[in-house]
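Worth saying up front: this structure is predicted, and the values here are computed from it rather than measured. Counting convention: from 1, in listed order, for ligands and their atoms alike. Numbering starts at 1 and runs along the sequence shown.
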Amino acid sequence: MCGIVGCVGHGVDVQETLLDGLASLEYRGYDSAGIATAGETLSVVKRAGELDALVAALEDRDAPLDGPAGVGHTRWSTHGPPSDANAHPHTDEAGRVAVVHNGIIENYQSLRDELEAAGVTFASDTDTEVVSHLLGRHLDEGTTLEAAFRETVARLEGSYALAAVARGADTVVATRSDSPLVLGVGEDATFFASDVPAFLEHTREVVYLEDGQFATLQPAGWTVTDADGSPVDAEVTTVAWDPEQTGKSGYDHFMLKEIHEQPTALRQCLSGRVDELAGEITVAELDALDSFGSVQLVACGTSYHAALYGATLLQQQGIPAQAALANEYATAPAPRRADTLVVGVTQSGETADTLRALREARGRGATTLAVTNVVDSTAARECDHALYIRAGPEIGVAATKTFSSQLIALNLLADRMATSAYRTPRDLVAALRDLPGQVQTVLDDSRAASVVDEYLDRTAYFFVGRTYHHPVALEGALKFKEITYEHAEGFAAGELKHGPLALVTADTPVFAVVTGTDEAAQKTIGNVKEVEARDAPVVAVTDGQSDVARYADHVLTIPESHPRTAPVLANVQLQLVAYHVADRMGRSIDKPRNLAKSVTVE
Ligand code: F6R
């Protein structure tokens with residue numbers, strides 16, 4: 001999983017455009033970066049490390065890289081460790097072509113063996129380098145860059161978004177298979193990237209390339225052709241995202257900005273979908289959805305926690321539902337009734353594990369629905385139906401606002417799927433209406449920043465909750481561990497006594513989510529007493545309806561709300577807990593070590 005970017009045109013500063021694009025794609029990988037520009041000559045500069053290392057190397061040169069065509073890459077290692085040699089772009093031996101790639105070439109070893117047997121010397125450990133050598137050899141046969149690229153790609157198996165430039169050509173050629181690639185159509189230049197924000201400051205007019213399509217970008221314009229070389233009448237669409245949305249807007253980190261964007265994100269998710277006067281929820285995207293006897297939700301990481309919440313929600317509506325980790329489902333799909341809907345919950349819509357699970361489900365005849373943030377993402381395009389969560393771009397690697405929007409989108413889905421006798425409860429409609437404002441209240445009043453000061457450098461951190469709050473406990477722990485690098489675990493509160501309680505000591509803070517006064521709340525308070533008796537510090541995240549505060553060392557308060565919306569509010573407090581601990585510890589909050597945002601490898 002990496003980010004690729006490119007542009008062609010005399011109307012832009014190519015080097016600067018590539019670097020700006022890479023900066024906005026760094027969330028996709030950040031262990032090395034490089035750019036190449038082409039025209040009469042071909043120049044390549046690449047460095048291990050974050051983008052700053054590449055910028056410094058370019059600044060050390062006498063002049064910017066020259067040429068109207070350019071490609072760039074930010075890497076998340078799959079084949080070979082981060083190093084200058086393994087960084088993209090990769091060239092052929094003659095230094096005539098430069099290639100950038102996101103994905104995995106599955107047959108690279110046999111291609112490498114073949115090339116080495118023919119006398120080619122490789123300069124890196126990467127799978128990508130086979131592409132540059134093949135391309136160079138096809139060019140040696142005297143064909144055009146486009147024809148050579150097409151012949152090269154025909155030899156590849158695996159997943160790829162690929163782009164190449166060559167000495168002597170003011171052209172970028174690009175294609176995709178199972179990896180995202182989008183063109184940006186500007187007035188003086190044409191762009192491409194793994195994701196729209198990379199060129200959003202230049203244009204909002206985009207073309208989403210389909211698997212197997214090829215794009216040729218030149219100063220005079222762009223064309224898209226299909227696998228056979230026939231021209232495609234590619235549709236240009238306008239994205240609604242604003243360039244401002246992809247900056248930090250004064251916040252120290254994208255994660256904090258995105259936590260604070262949640263009221264807006266939720267309003268966008270609900271807009272036009274909840275009619276308060278009629279007391280109805282209507283989601284146009286779901287109009288064509290048949291009725292189903294059962295639902296399977298497949299997802300990874302944070303989205304899996306949303307899927308767990310969605311499954312509980314559907315079960316409470318009387319619909320048999322289960323959530324599965326997409327990576328497990330892909331290799332061992334759960335048994336499916338004939339009338340099962342398989343729902344992929346995926347912020348990016350590009351997560352390889354989730355795409356694979358959805359393809360597996362479709363292959364077995366299931367109807368599929370993508371619940372995703374990214375319009376026209378692979379999941380959205382491949383599924384029978386798509387429900388957009390409308391959270392806006394999320395740049396921080398740790399998912400925050402998109403989790404909240406996923407929970408609310410899943411409410412809309414559960415409502416749509418309920419039996420014909422079901423009527424949307426008025427109190428749910430009111431709770432959804434009030435939610436954005438209540439999230440704002442949590443953001444304004446949260447004491448998380450001061451509470452966490454007492455709990456830095458503990459041995460471990462535990463998070464517990466029941467029913468709807470169980471996924472919140474899991475998510476609280478995931479967010480905490482991924483950005484603080486401290487050991488954190490989430491448990492169903494009732495599970496503590498079945499083993500994890502052995503870990504609980506005076507040095508392990510326990511964050512307990514308790515709202516309302518129902519049986520789940522009472523039983524969780526019982527579990528809180530168990531950890532308190534083991535001297536563990538307790539932080540209660542509560543709406544104050546129960547007496548959990550009596551057993552807690554600290555309280556993080558949320559407004560009273562509906563049982564289905566309370567998890568969103570509780571989770572905001574836990575996002576802030578994770579953020580402030582990571583901030584105090586000086587962690588790399590937006591780009592935690594070893595992680596990347598869009599995991600496009602299985
Ligand atoms: C954690 C996080 C990841 C993603 C997971 C799935 O903060 O962001 O766990 O949730 O990689 O990604 P999507 O939702 O894009 O499929």
Are [X] and [Y] linked by a side-chain donor-acceptor pair shorter than 3.5 Å?
X      : Y      : answer
Thr400 : Gln575 : no
Ser177 : Asp211 : no
Thr340 : Ser294 : yes
Glu350 : Thr378 : yes
Glu475 : Tyr309 : no

I need the atoms of ligand 1 closer than 4.0 Å to a non-hydrogen atom of [X], numbered in the order shown.
X      : value
Glu482 : 1 (C), 7 (O)
Val397 : 7 (O), 8 (O)
Ala398 : 7 (O)
Lys479 : 1 (C), 7 (O)
Thr351 : 6 (C), 12 (O), 13 (P), 15 (O), 16 (O)

For [atom], closest protein heavy-atom neighbour:
atom                    : value
atom 11 (O) of ligand 1 : Val599 CG2, 4.0 Å
atom 15 (O) of ligand 1 : Ser348 OG, 2.6 Å
atom 5 (C) of ligand 1  : Cys300 O, 3.6 Å

Report yes if [X] has an N/O atom closer than 3.5 Å to an N/O atom of ligand 1; otherwise report no.
X      : result
Thr354 : no
Thr302 : yes
Ala399 : yes

Going by the side chain to side chain contact (heavy atoms under 4.5 Å, CB included) test, name the single residue among Asp415, Leu410, Asn411 that passes it with Leu413. Leu410
Hey, can you tell me if His88 and His73 have their rings parallel, tilted or perpendicular (30° and 60° cut-offs)? parallel
Nearest 0.5 Å, please: how far is CZ in Arg75 from CG in Asn86? 5.0 Å
